[in-house]
Amino acid sequence: MPDLTNSQIAAALDELGDLYELDGAIVHRVVAYRTAAKAVRESSTSVAALARAGRATQLAGVGKTLQEKIVTLLETGDTPSAQKLRAKFPAGLIEMTRAVPGLGPKRARILYDELGIDSIEALREAAATQSIRGLRGFGAKAEENILASLVAFDAGDVPGVRLLLPKALNAGDAIVDALREHPASDRVELAGSARRLADSVKDLDVIATAHEPAELSRALSELELIESTGRPTEAGVRARTHTALPVDLKIVAPDQFGNLLQHFTGSKAHNMAMRDAAVRRGLHISEYGILDDATGETLRCPREEQVYERLGYQFIPAELREGRGELEAAARGELPDLITEADLRGELHAHTTASDGRATLEEMAFAAREGGFEYLAITDHSATHGFGNEVSPDQLKVQIEKVHALNEKLDGIELLAGSEVNILPDGSPDYEDELLAQLDWVIGSVHTSFRIGEQAMTERMVAAIEHPLIDAIGHPTGRKIERRAPYPVDMEKVIEAAARTGTMLEINASPDRRDLNDVHARAAAEAGVLILVDTDAHKISDYGFRRWGIATARRAWLTRDQVANTRPWPEFAALRKRALVR
DNA sequence: GCCGTTTTCGGCCCGACTGTTTTCAGTCG
């Protein structure tokens with residue numbers, strides 16, 4: 001049996017946290033489980049392997065006890081504590097807390113202990129028959145809230161659906177623009193995970209200062225893209241867009257704008273780590289200021305930079321604020337000089353009408369030159385793509401000539417004849433080596449047979465990486481954000497193989513992929529792998545995807561030097577594996 | 001359960017809101 005993945009171990013720790021919470025454990029113990037779950041989920045190496053080696057404690061938030069529990073989990077498939085607690089509390093209790101906002105573990109416990117309510121159905125019945133009111137802490141309002149929440153739950157209106165970043169930013173930017181134009185506003189900024197350019201976004205945080213705050217709150221509720229709102233006040237308003245995205249507008253005094261922006265940009269983990277460090281120095285951070293125990297004075301910051309300055313940190317770009325060591329690096333003044341969109345010089349992954357693209361070779365080439373690219377690899381799908389748009393070996397030979405001929409004619413951009421070849425289940429590419437050798441550039445990608453298991457997939461990827469004519473691996477984990485989990489693959493071994501062979505790994509910039517993700521891209525770059533930021537363009541406008549690829553690269557702490565296609569063509573050309581091995 | 005410029009015990013981020021209370025616990029972000 002293969003080892004549990006990091007997500008599986010994290011899920012087990014989260015479950016234990018939920019169970020202990022129902023059991024009435026002190027909150028810090030529950031938080032300890034959740035913190036550890038997060039560290040496990042974000043670990044770029046196999047936590048199962050770490051735990052077996054007795055080294056899982058090197059993860060922040062994992063101590064001796066959890067290290068042992070993880071080992072038990074690996075050896076027996078479960079933990080005795082989870083088994084015991086599951087027998088004590090039916091799974092319906094946790095489902096109830098997920099379905100009804102405002103019903104947490106403490107209150108769910110009361111319902112279970114006093115009335116035996118152990119499922120969503122039992123809860124509905126009890127609320128409908130008014131048997132909940134009268135319990136300590138519950139009234140008629142509670143029953144109303146439960147019934148209303150369950151109606152929404154039945155209708156599939158579950159809270160917590162996440163929107164892809166571009167869609168969230170569309171709404172967020174529209175709201176910010178509209179509020180900035182409003183006469184009542186002074187400053188308006190988008191905060192939250194959208195500002196951190198996360199993969200997907202659960203809600204929008206908009207923060208503002210205004211000389212007529214109540215009026216600005218009302219203005220938000222009247223925007224066309226807003227579906228419904230709460231009560232607008234001087235402090236702000238909660239609303240929801242027609243795309244079911246919650247929007248939180250917060251308004252404060254101008255001299256606290258920096259504190260508020262910092263606080264609502266988050267992440268939660270970043271803020272908690274920063275506050276924790278501050279408390280040890282006698283400082284207390286909130287969205288309203290920084291309280292100094294020694295003087296009893298609160299420092300209000302009009303600008304966000306001042307918050308970090310007062311605490312002795314370098315300014316931390318929003319993309320890095322995930323509680324992944326950025327505070328320690330900022331304290332030492334060692335934050336990376338992050339890559340920007342302007343640093344990209346080449347595009348190494350693009351399709352044309354020869355396979356499933358919508359634009360011709362000429363159109364893609366001209367648009368790339370217009371967009372400032374100095375080199376472009378045409379990488380249509382290969383012989384086994386199999387959606388009616390595969391490129392046979394003979395067709396590829398024609399395509400190579402066409403690309404080279406156009407390259408002769410075209411000034412200002414270097415065109416590469418390439419291919420995105422399928423990595424077959426045994427790890428081999430689906431063209432003959434002789435044909436691959438005629439190409440200037442080859443990306444290998446997995447498009448089929450996702451469910452062959454972690455070990456087989458890892459061997460398949462490593463075999464492809466070791467092929468001398470595969471220069472780079474495209475979208476290495478195959479995930480589709482919010483739609484499809486990555487296929488099981490040992491990324492540690494993939495990264496090791498890439499580093500050893502000089503194979504580049506791609507950050508595919510398509511906004512539903514962003515694959516490699518931030519954690520893997522960081523680990524790969526630290527291991528010495530050269531990263532590519534590619535758009536995988538299927539039409540001209542897709543070149544704009546580079547924005548999302550750069551977002552992931554920045555969240556991965558990448559500098560310009562760690563991304564291969566920031567280099568001028570002659571330098572890049574020499575870094576291709578086919579150039580290295582000759 | 002974790003962790004240490006408060007080192008092996010005694011703390012652990014901060015505030016708003018809600019519904020229930022009459023001073024606050026629970027929930028949420």
Side-chain angles (χ1 to χ4, degrees), chain A residues 13-14 16-17 19-40 56-70 79 81 96-98 100-111 132-146 149 159-160 191-193 201-205 207 230-231 233-238 246-252 256 259-260 262-291 293 298 311-312 323 327 331:
Chain A
L13 294 177
D14 272 330
L16 272 170
L19 288 167
Y20 278 124
E21 194 171 31
L22 278 175
D23 201 33
I26 60 158
V27 61
H28 303 109
R29 190 167 172 214
V30 175
V31 167
Y33 275 90
R34 303 216 165 117
T35 307
K38 183 173 183 289
V40 168
T57 50
Q58 74 186 49
L59 297 170
V62 176
K64 203 164 157 252
T65 308
L66 287 184
Q67 146 83 29
E68 281 167 13
K69 284 203 176 175
I70 294 171
T79 60
S81 37
M96 281 158 51
T97 65
R98 303 242 197 285
V100 182
L103 181 65
K106 292 276 197 317
R107 287 158 64 79
R109 254 312 277 285
I110 295 173
L111 293 173
I132 291 176
R133 64 184 66 184
L135 286 182
R136 156 177 59 93
F138 291 85
K141 265 272 168 54
E143 289 172 348
E144 275 174 44
N145 171 46
I146 287 168
S149 301
S193 54
V201 169
K202 178 165 65 49
D203 56 16
L204 292 175
D205 294 293
I207 64 162
R231 195 171 54 87
T233 70
E234 298 216 328
V237 64
R238 294 214 71 174
V247 182
D248 234 336
L249 172 65
K250 300 270 184 192
I251 307 173
V252 282
Q256 295 173 310
N259 302 101
L260 192 74
Q262 193 285 322
H263 173 83
F264 278 99
T265 297
S267 65
K268 191 176 173 179
H270 173 81
N271 285 353
M272 282 177 67
M274 192 157 87
R275 288 167 180 204
D276 187 52
V279 165
R280 277 183 256 129
R281 295 156 49 193
L283 299 171
H284 303 271
I285 309 169
S286 82
E287 59 261 55
Y288 303 112
I290 304 170
L291 169 67
D293 279 343
T298 298
L311 296 161
L327 290 170

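A note on names: the letters A, B, ... follow the listed sequences, proteins ahead of strands, and every chain is numbered from 1.
Annotation: dT6(B) and dG11(B) have their P atoms spaced 14 Å apart (nearest Å). Taking the C1' atoms as reference points, dT8(B) lies 33 Å from dG15(B), given to the whole Å. Using C1' as the reference atom, dC28(B) and dC13(B) are 14 Å apart when rounded to the nearest Å. Taking the P atom of each, dG10(B) and dG29(B) are spaced 35 Å apart, rounded to whole Å. Nucleotides dC14(B) and dT23(B) are separated by 27 Å at their P atoms, to the nearest Å. Taking atom P on both dA16(B) and dT21(B), the two are 24 Å apart, rounded to the nearest angstrom. Between the C1' atoms of dC17(B) and dC12(B), the separation comes to 24 Å (whole Å).
Base pairing annotation: dG10(B) forms a Watson-Crick or G-U wobble pair with dC3(B), both donor-acceptor distances under 3.5 Å.
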Polar pairs (N or O, both sides) under 3.5 Å between protein and nucleotides 17-24 of chain B?
unit_1: dT20(B); atom_1: OP1; unit_2: Gly139(A); atom_2: N; d: 2.4
unit_1: dT20(B); atom_1: OP1; unit_2: Gly139(A); atom_2: O; d: 3.4
unit_1: dT20(B); atom_1: OP1; unit_2: Ala142(A); atom_2: N; d: 3.4

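For the pair Leu291(A)/Leu283(A), no side-chain contact is recorded, criterion being any heavy-atom separation below 4.5 Å from C-beta on. The closest side-chain heavy-atom distance from His263(A) to Arg275(A) is below 4.5 Å. Contact of the Lys69(A) side chain with the Tyr33(A) side chain is registered, since non-hydrogen atoms from C-beta on lie closer than 4.5 Å. Inter-residue side-chain proximity for Asp203(A) and Val247(A) is flagged as unmet; no heavy-atom pair is nearer than 4.5 Å.
Of the residues listed (Arg109(A), Lys106(A), Arg34(A)), the one engaging Glu21(A) in a salt bridge (charged side-chain N to carboxylate O under 4.0 Å, His left out) is Arg34(A), and it is the only one.
Between Thr65(A) and Glu21(A), the residue anchored closer to the 5' end of DNA chain B is Thr65(A), taking for each the nucleotide with the nearest heavy atom. Mapping Asp248(A) and Arg29(A) onto DNA chain B by nearest heavy atom places Arg29(A) at the nucleotide closer to the 5' end.
The distance from atom CE of Met272(A) to atom C1' of dG11(B) is 14 Å, rounded to the nearest whole Å. Straight-line distance from the CZ atom of Arg275(A) to the C1' atom of dG29(B): 11 Å, rounded to whole Å. A straight line from CD of Glu287(A) to C1' of dG15(B) spans 5 Å, rounded to a whole angstrom. Rounded to a whole Å, the CZ atom of Arg281(A) is 17 Å from the P atom of dC12(B). For the pair Lys268(A) NZ and dG15(B) C1', the computed distance is 13 Å after rounding to whole Å. The separation between Leu283(A) atom CG and dC13(B) atom P is 15 Å, rounded to whole Å. To the nearest angstrom, P of dA16(B) lies 15 Å from CZ of Arg238(A). Across the protein-nucleic acid pair, Arg280(A) atom CZ and dG10(B) atom P stand 19 Å apart, rounded to whole Å.
In the set dT27(B), dC13(B), dG1(B), dG1(B) carries the atom at the smallest distance from any side-chain atom of Leu66(A). Closest approach to the Asp203(A) side chain among dC14(B), dC13(B), dG29(B) is made by dG29(B) (side chain taken as heavy atoms from C-beta onward). Each of dC12(B), dT27(B), dC14(B) was ranked by its minimum atom distance to the side chain of Ile26(A); first place goes to dC12(B).
Using a 4.0 Å heavy-atom criterion, one finds that Lys250(A) contacts no nucleic acid atom at all. Across all strands shown, His284(A) has heavy atoms under 4.0 Å from sugar-phosphate atoms exclusively, and none from any base. Residue contacts for Val27(A): at a heavy-atom cut-off of 4.0 Å it reaches no nucleic acid atom on any strand shown. At the heavy-atom level, Ile285(A) lies under 4.0 Å from the strands shown only through sugar-phosphate atoms.
For dC2(B), neither phosphate oxygen OP1 nor OP2 lies less than 4.0 angstrom from any side-chain nitrogen or oxygen of Tyr33(A).
To the nearest 0.5 angstrom, Asp205(A) atom CG is 7.5 Å from Ser193(A) atom OG. Atom CG of residue Leu111(A) and atom CG of residue Leu103(A) lie 6.0 Å apart, to the nearest 0.5 angstrom. Between Gln256(A) atom CD and Thr298(A) atom OG1 the span is 9.0 Å, to the nearest 0.5 Å. Atom CG in Leu260(A) sits 8.0 Å away from atom NZ in Lys250(A) (nearest 0.5 Å).
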